[in-house]
Amino acid sequence: MIIKVLFFARLKEQLGESSISVELVDGSDTNALKETLLARGEQWLALNDEAILMAVNQNHLSQVVTLNNGDEVAFFPPVTGG
């Protein structure tokens with residue numbers, strides 16, 4: 001299955017990518033996606049920052065979810081403002 005992955009804010013700058021497509025085995029979950037991305041190299045360790053948030057199909061995650069072909073996963077730092 002193919003997952004579209006989006007990166008926002010400082011992650012976009014650190015990774016040099018705003019979006020990529022990732023192929024995963026059917027039945028993979030968000031942890032498998034993150035592990036696949038981390039295996040790409042040192043710069044991808046930015047995703048290990050505990051502050052980084054994840055959303056699947058624009059729904060924020062509070063737990064691991066199984067992905068489906070065509071899902072869109074976004075990684076982004078918390079938004080702050082005043």
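Count residues from 1 along the sequence. What you see is a predicted model; the values in this text were computed from it and never measured.
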Close side-chain approach of [X] to [Y], heavy-atom, < 4.5 Å:
X: Phe75; Y: Leu6; value: no
X: Met54; Y: Val73; value: yes
X: Gln58; Y: Glu72; value: yes

(request) Check step by step if side chain to side chain contact (heavy atoms under 4.5 Å, CB included) holds for Leu37 and Arg40. (result) CA-CA 5 Å; Leu37 294 173; Arg40 289 179 158 223; 4.1 Å; yes

(request) Scan Thr66, Asp29, Val65 and name whichever one has a side chain to side chain contact (heavy atoms under 4.5 Å, CB included) with Val56. (result) Val65

Identify, with sequence neighbours excluded, every residue that meets side-chain contact (heavy atoms from CB on, under 4.5 Å) alongside [X].
X: Leu45; value: Leu38, Glu42, Asn48
X: Asn68; value: Asp71
X: Glu13; value: none

(message) I'd like to know if Arg10 and Asp49 make a salt bridge, using a cut-off of under 4.0 Å between side-chain N and carboxylate O.
(response) yes

Group every Ile, Leu, Val, Met, Phe, Trp and Tyr by side-chain heavy-atom contacts under 4.5 Å, then state whether [X] and [Y] land in the same group.
X: Val5; Y: Leu53; result: no
X: Ile3; Y: Leu61; result: yes
X: Ile20; Y: Leu24; result: yes

Any idea which heavy atoms bring [X] and [Y] closest together, and the distance?
X: Gln63; Y: Thr30; answer: O-OG1, 4.5 Å
X: Ile2; Y: Asn69; answer: N-OD1, 2.7 Å
X: Gln14; Y: Gln43; answer: O-NE2, 4.1 Å
X: Ile52; Y: Ala46; answer: CG1-O, 3.7 Å
X: Ala9; Y: Pro77; answer: CB-CG, 3.6 Å

(message) Can you tell me how far apart NZ (Lys4) and OG (Ser19) are? Round to the nearest 0.5 Å.
(response) 5.0 Å

(message) Just verifying a value: how many Å separate Glu35 CD and Ser28 OG, rounded to the nearest 0.5 Å?
(response) 9.5 Å

(message) Between Trp44 and Phe7, is the ring centroid distance below 6.0 Å?
(response) yes

